[in-house]
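Hydrogens, waters and symmetry mates play no part in the numbers below; they use all other heavy atoms, side chains included.
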Amino acid sequence: MNMRLTLDNLPLKLKNIIITESEKDDVLSAEELMDNEPLFGPNSRLGLDSLDALQISVALKEQFGVRLQGDREVRKHMMNVADLTNYVIDELSKKTQ
């Protein structure tokens, strides 16, 4: 990974990935997406589906080298930006140990 991440800019980077990969830039901007709002389900402004989750997962693998495997991990770690941020931080910290 050749980009420098800080805890401050990671959530915005993830929001940009989510918006771009799901092609929802006509619905919300990354700046409008709140860290704790749901990404999936009836209460989600984005209304992401399983295809969006797959595209986001591929982008996470490409950009950060972290991988969400299977529906269970997606449901656990990609419910909102805050959960996804924590997951990416945890996975990246395992790689540097």
Got a sec, which pairs hit ring pair (Phe, Tyr, Trp, His ring centres under 6.0 Å) with one end in residues 74-97, sequence neighbours left out?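 Counting only pairs at least two positions apart or across chains, the ring pair (Phe, Tyr, Trp, His ring centres under 6.0 Å) contacts touching residues 74-97 are His77-Tyr87.
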Any ring pair (Phe, Tyr, Trp, His ring centres under 6.0 Å) involving residues 16-46? Give me the pairs, sequence neighbours left out, ordered by first then second residue.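 Listed by first then second residue: nothing to list.
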Do Phe64 and Leu10 have side chains that get closer than 4.5 Å, going by heavy atoms?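 Touching, per the 4.5 Å side-chain cut-off.
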Using the side-chain hydrogen bond (donor to acceptor under 3.5 Å, both in side chains) rule, collect all pairs that involve residues 45-54, keeping only residues at least two apart or in two chains.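 Those involving residues 45-54 are Glu37-Arg45.
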Atom pair [atom1]/[atom2] of [X] and [Y] - distance to nearest 0.5 Å:
X	Y	atom1	atom2	answer
Leu84	Leu68	CG	CG	6.5 Å
Leu48	Met79	CG	CE	10.0 Å
Asn80	Asn36	CG	CG	5.0 Å
Gln69	Ser57	CD	OG	10.0 Å
Ser44	Leu28	OG	CG	8.5 Å
Ile18	Leu39	CD1	CG	5.0 Å

Write out all pairs satisfying salt bridge (Lys or Arg N to Asp or Glu O under 4.0 Å) with one or both partners inside [range], taking only residues at least two apart or from two chains.
range	answer
residues 79-94	Glu91-Lys94
residues 59-71	none
residues 16-34	none

Lys15: which residues meet the side-chain hydrogen bond (donor to acceptor under 3.5 Å, both in side chains) condition with it, sequence neighbours left out?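 Residues passing side-chain hydrogen bond (donor to acceptor under 3.5 Å, both in side chains) with Lys15: Asp35.
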